Amino acid sequence: MTTFSSKDADVPFCDEQLTRLKPLWDRMLGHRFLLDTRDGTMSDERFAVWMQQDYLFVEAAIPFIAALIPRAPRAHWAPLAGVITALEKELQLFEERAAAVGVTLKGTPAAFTNHAYIQFLLATAYRAGYAEAYTVLYAAEKAYHDSWKVVQAGLDRGSKWYPFVENWAGEAFAQYVAYLEGELNGLAERAAAEERARMAEYFELTTKYEIAFWEMAATGERWPGAG
Ligand code: MP5
């Protein structure tokens, strides 16, 4: 029996996981990409890497969500459809910001880490159980909410990057994350011990991918063999 998750203490699943993974979560929130963006010392070049890569990630999130709908409980259909609409709007935000600062979004290939994360996302949607895939959705959204809260704490409101803060650190997104959290806690409560343990593993993997994503942007990661 794994110790990743247990129902013993009656602690909601998300609280349990966020406590268990706190060292990783803190590492994510302390990443220099976030701190430099918060402090206004992030280079435009590296921020552009993040924009180009996250544009591809958000695009891939649409088929990820779409693939969940046929397997979702009836009550999740409309909320998940709403997520797709929000993702399309988010892509427009990227396009608008990129045009404003002269960054080209289209035609950039996915970096190694982003490629892996996208494959993980889609493989999860098709191969894992619904509760596991929903765990990935929650963990990724919660990661972005918390990460952009870090940036919000210091970034000048007039910054050209502030619209991203508004998107992920704002009240509407906070409510969406809280909704996902309640639903995920419910799925975990109804899950058998083995499934709950797998959910915990997916939570951890997603957290690690999130750290790797900031690292990819901060270093301008290249594919092996790219020179
Ligand atoms: C999100 C994102 C948030 N845009 N990029 C990464 C690497 N992780 C999480 O997801 P969404 O769907 O853009 O709110």
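This one's a predicted model, so the numbers in the text were calculated from it and none came from an experiment. We count ligands from 1, going down the list as the structure has it; atoms in each ligand are counted the same way.
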Ring geometry between Phe164 and Phe47 (parallel below 30°, tilted from 30 to 60°, perpendicular above 60°): tilted

Taking N or O atoms only and a 3.5 Å limit, does Tyr117 qualify as a polar contact for ligand 1? no

Considering Phe173, Tyr144, Phe213, Tyr176, which one's heavy-atom position lies nearest to atom 6 (C) of ligand 1? Tyr144

Would a single hydrophobic cluster contain both Leu187 and Tyr179, if residues Ile, Leu, Val, Met, Phe, Trp and Tyr are joined by side-chain heavy-atom contacts under 4.5 Å? yes

Any idea which protein heavy atom is nearest atom 4 (N) of ligand 1, and the distance to it? Asp54 OD2, 2.9 Å

Which residue is it: Trp148, Trp161, Tyr55? I am looking for the one with a ring pair (Phe, Tyr, Trp, His ring centres under 6.0 Å) to Trp50. Trp148

Which distance, rounded to the nearest 0.5 Å, do you find between the CZ of Phe33 and the CE of Met216? 8.5 Å

List the closest protein heavy-atom neighbour of atom 12 (O) of ligand 1: residue, atom name, distance to the nearest 0.1 Å. Leu87 CD2, 3.0 Å

Please list the nearest protein heavy atom to atom 13 (O) of ligand 1 with its residue and the distance rounded to 0.1 Å. Glu90 OE1, 2.4 Å

With ring centroids as reference points, do Trp168 and Tyr176 lie under 6.0 angstrom apart? no

In this structure, does ligand 1 have an atom that sits under 4.0 Å from one of the heavy atoms of Tyr209? no

Looking at ligand 1, is there an atom of it that comes within less than 4.0 Å of some heavy atom belonging to Ala143? no

Within 4.0 Å of some non-hydrogen atom of Val58, the atoms of ligand 1 are 4 (N), 13 (O)

Trp214, Phe64, Tyr209 screened by ring pair (Phe, Tyr, Trp, His ring centres under 6.0 Å) with Tyr117, the one that passes: Tyr209

What's the verdict on salt bridge (charged side-chain N to carboxylate O under 4.0 Å, His left out) for Glu204 and Lys208, showing C-alpha distance, side-chain angles and the deciding distance? CA-CA 6 Å; Glu204 183 167 344; Lys208 288 175 179 169; 3.0 Å; yes

Please work out which of Glu59, Met216, Glu210, Glu141 has its closest non-hydrogen atom nearest to atom 3 (C) of ligand 1. Glu141

